[in-house]
Amino acid sequence: MVGTESMTRNPIAAFDHRTGFKLGAPVGFKDFMWEALKDPAAGINMIQTAENLAKKYSITREEVDQFASDSFAKAVAAQTAGFHAGEIVPVVTEKFELEGYIPRGIKLQGKVTEVSADTHPRISPADVLGKLRPVYEGGVQTGGNSSALVDAAAACVVTSGAYAKAHGKKPMARVVAAAAVGVPPEIMGIGPAPAIRLLLERTGLKLSDIGRFEINEAQGAQTLAVAKELGLDVSKLNVNGGAIALGHPLAATGVRLTITLARELQRSGLRYGISSACVGGGQGIALLIENPEAA
Ligand SMILES: CC(C)(COP(=O)(O)OP(=O)(O)OC[C@H]1O[C@@H](n2cnc3c(N)ncnc32)[C@H](O)[C@@H]1OP(=O)(O)O)[C@@H](O)C(=O)NCCC(=O)NCCS
């Protein structure tokens, strides 16, 4: 299973001009990423969906900045302790050659020869975050308390227990169950709450049976709304930092969350963990995994 995303290389696209430019008609270019972050059904973008949740759950700017500051602090602490390095394959300048094909490769910029750590986490006190301008006047979301726009890829092997056993492979985690739900698109960020509820219902587990939660921090108010809706013990949530600090490379996030969760369950010796994300357009998805060592 592989997901990859380059948000910094998203093109500025011209959608309407394949058949040429009509004299006098406006020449339109759109930011492809901003287009991807817009919901055409609700007519709003992802930041606005979080603002809707902030209003619905009475979440203040101070709460969101504190949550973001904690996410940065947890990510920096986990980086410093070497936790994140355990799941990162360094990107280096290299060439990929195969006979009969044009060589391709990666060329890092300037004097950089290796990127082996996430570049967005930095200590971010709440009062510093509090000075950033909100994306929307009077809103709670800023560039500092929303998920960072980053480049990343994530991969893992998912196989049957029988195959792993037959080939002498020791699994990081067992996938126990999954759930996906639909929610109104204008509050898409609440998706993890009903998805986690459905997952618990399907498995007969209680919220208190779950040792760790990795809930994607698409936007600070969004994750706080999910925590409030579920009555979540936040000391179990994103304990190594979340997407506000690490980034949310859209297509890679699901695998990244689940790998981080599996490794965190191993580190802490806990049995069950849930990874979950909201999905622009109005969905929530959740996955229950089990640490085989603690089963
Ligand atoms: C919120 C968002 C619109 C901000 O975009 P942006 O304006 O390009 O953000 P920037 O990275 O330029 O950050 C804005 C400012 O905050 C500052 N900032 C960001 N993080 C900071 C931190 N941790 N500490 C201090 N300052 C910080 C930046 O330096 C920048 O300052 P400047 O304006 O003086 O240069 C964008 O990050 C976003 O949309 N994120 C969420 C994506 C999303 O919704 N994904 C989920 C899809 S479901």
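Note that the structure is a prediction, hence the values are computed from the model and not measured. Quick note: numbers below take in every heavy atom, side chains included, and nothing from hydrogens, waters or symmetry partners. Each ligand, and each atom within it, is numbered from 1 in the order the structure gives.
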> Would E264 and K236 pass as an ion pair if we require N to O under 4.0 Å?
Replying inline: no
>> Under 4.0 Å from atom 18 (N) of ligand 1, is there at least one protein heavy atom?
In response: yes
> When only distance counts, is S147 in polar contact with ligand 1, meaning an N/O pair under 3.5 Å?
Replying inline: yes
> Under the side-chain hydrogen bond (donor to acceptor under 3.5 Å, both in side chains) rule, what pairs show up with a residue in residues 174-196, not counting sequence neighbours?
Replying inline: R174-E290
> Is atom 7 (O) of ligand 1 close to the protein, meaning a heavy atom under 4.0 Å from it?
Replying inline: no
What donor-acceptor contacts under 3.5 angstrom involve side-chain atoms of residues 34-46, with partners at least two apart or in another chain?
residue: D39; atom: OD1; partner: A41; partner atom: N; Å: 2.7
residue: D39; atom: OD1; partner: A42; partner atom: N; Å: 3.0
residue: N45; atom: OD1; partner: I47; partner atom: N; Å: 3.0
residue: N45; atom: OD1; partner: Q48; partner atom: N; Å: 3.0
residue: N45; atom: ND2; partner: Y136; partner atom: OH; Å: 2.6

>> Judged on heavy-atom distance to atom 39 (O) of ligand 1, which of T49, I47, V150 sits nearest?
In response: I47
>> Does only the side chain of V279 get under 4.0 Å from ligand 1, or the backbone, or both, or neither? Count heavy atoms.
In response: neither
> Going by an N to O cut-off under 4.0 Å, is there a salt bridge joining R256 and E5?
Replying inline: no
> Just which atoms of ligand 1 are under 4.0 Å from any heavy atom in R122?
Replying inline: 21 (C), 22 (C), 23 (N)
> Are V150 and V112 joined in one hydrophobic group, where the rule is that I, L, V, M, F, W and Y side chains link up if heavy atoms are under 4.5 Å apart?
Replying inline: no
>> I'd like to know if the side chain of D151 and the backbone of M7 have a donor-acceptor N/O pair within less than 3.5 Å.
In response: yes
> S146 heavy atoms, cut-off 4.0 Å: which ligand 1 atoms fall inside?
Replying inline: 1 (C), 40 (N), 41 (C)
>> For ligand 1 and W34, I'd like to know whether there is a polar contact (N/O to N/O, distance under 3.5 Å).
In response: no
> Where does Q141 meet ligand 1, judged by heavy-atom distances below 4.0 Å: at the side chain, the backbone, both, or neither?
Replying inline: neither
> Heavy atom under 4.0 Å from ligand 1: found in N45's side chain, backbone, both, or neither?
Replying inline: neither
> Considering all protein heavy atoms, does one lie under 4.0 Å from atom 26 (N) of ligand 1?
Replying inline: yes
> Is the F72 ring parallel, tilted or perpendicular to the H120 ring (thresholds 30°, 60°)?
Replying inline: tilted
> Among protein heavy atoms, which lies nearest atom 4 (C) of ligand 1, and at what distance?
Replying inline: G143 CA, 3.7 Å
>> With side-chain hydrogen bond (donor to acceptor under 3.5 Å, both in side chains) as the test, pick out the partner of S275 among N216, T253, T260, T258.
In response: T258
>> Show the atoms of ligand 1 that are less than 4.0 angstrom away from any heavy atom in S124.
In response: 22 (C), 23 (N), 24 (N)
>> Could you tell me, atom by atom, which parts of ligand 1 come under 4.0 Å of a heavy atom of F72?
In response: 23 (N)
> With atoms numbered from 1 as shown, which atoms in ligand 1 lie under 4.0 angstrom from a non-hydrogen atom of L129?
Replying inline: 22 (C), 23 (N), 24 (N)
>> Under 4.0 Å from a heavy atom of V135: which atoms of ligand 1 are those, numbered in the order shown and with their elements?
In response: 1 (C)
> Considering only protein heavy atoms, which is closest to atom 20 (N) of ligand 1, and at what distance to one decimal place?
Replying inline: G144 CA, 3.5 Å
>> Under 4.0 Å and counting heavy atoms only, is there anything from the protein next to atom 29 (O) of ligand 1?
In response: no
> Which ligand 1 atoms are under 4.0 Å away from a heavy-atom of Q219?
Replying inline: 43 (C), 44 (O), 46 (C)
> So, D65 and R61, do they make that salt bridge, N to O below 4.0 Å?
Replying inline: yes
> Among all protein non-hydrogen atoms, which one is nearest to atom 36 (C) of ligand 1, and what is the separation to 0.1 Å?
Replying inline: L149 CD1, 4.0 Å
> Distance-only, no hydrogens or angles: does the S71 side chain make a donor-acceptor pair with backbone N or O of F67 under 3.5 Å?
Replying inline: no
> With no hydrogens and no angle check, do the side chains of D118 and Q79 hold a donor and an acceptor under 3.5 Å apart?
Replying inline: no
> Counting heavy atoms only, which of V128, D39, I244, L132 comes nearest to atom 15 (C) of ligand 1?
Replying inline: L132
>> Using a plain distance cutoff, I'd like to know if H248 has any nitrogen or oxygen under 3.5 Å from a nitrogen or oxygen of ligand 1.
In response: no
>> Can you tell me which residue among Q219, Q141, Q222 is in a side-chain hydrogen bond (donor to acceptor under 3.5 Å, both in side chains) with S146?
In response: Q141
> Can you name the nearest heavy-atom pair linking L199 to L288, along with the distance?
Replying inline: CD2-N, 3.6 Å
> Which atoms of ligand 1 have any heavy atom of M46 under 4.0 Å away?
Replying inline: 44 (O), 47 (C), 48 (S)
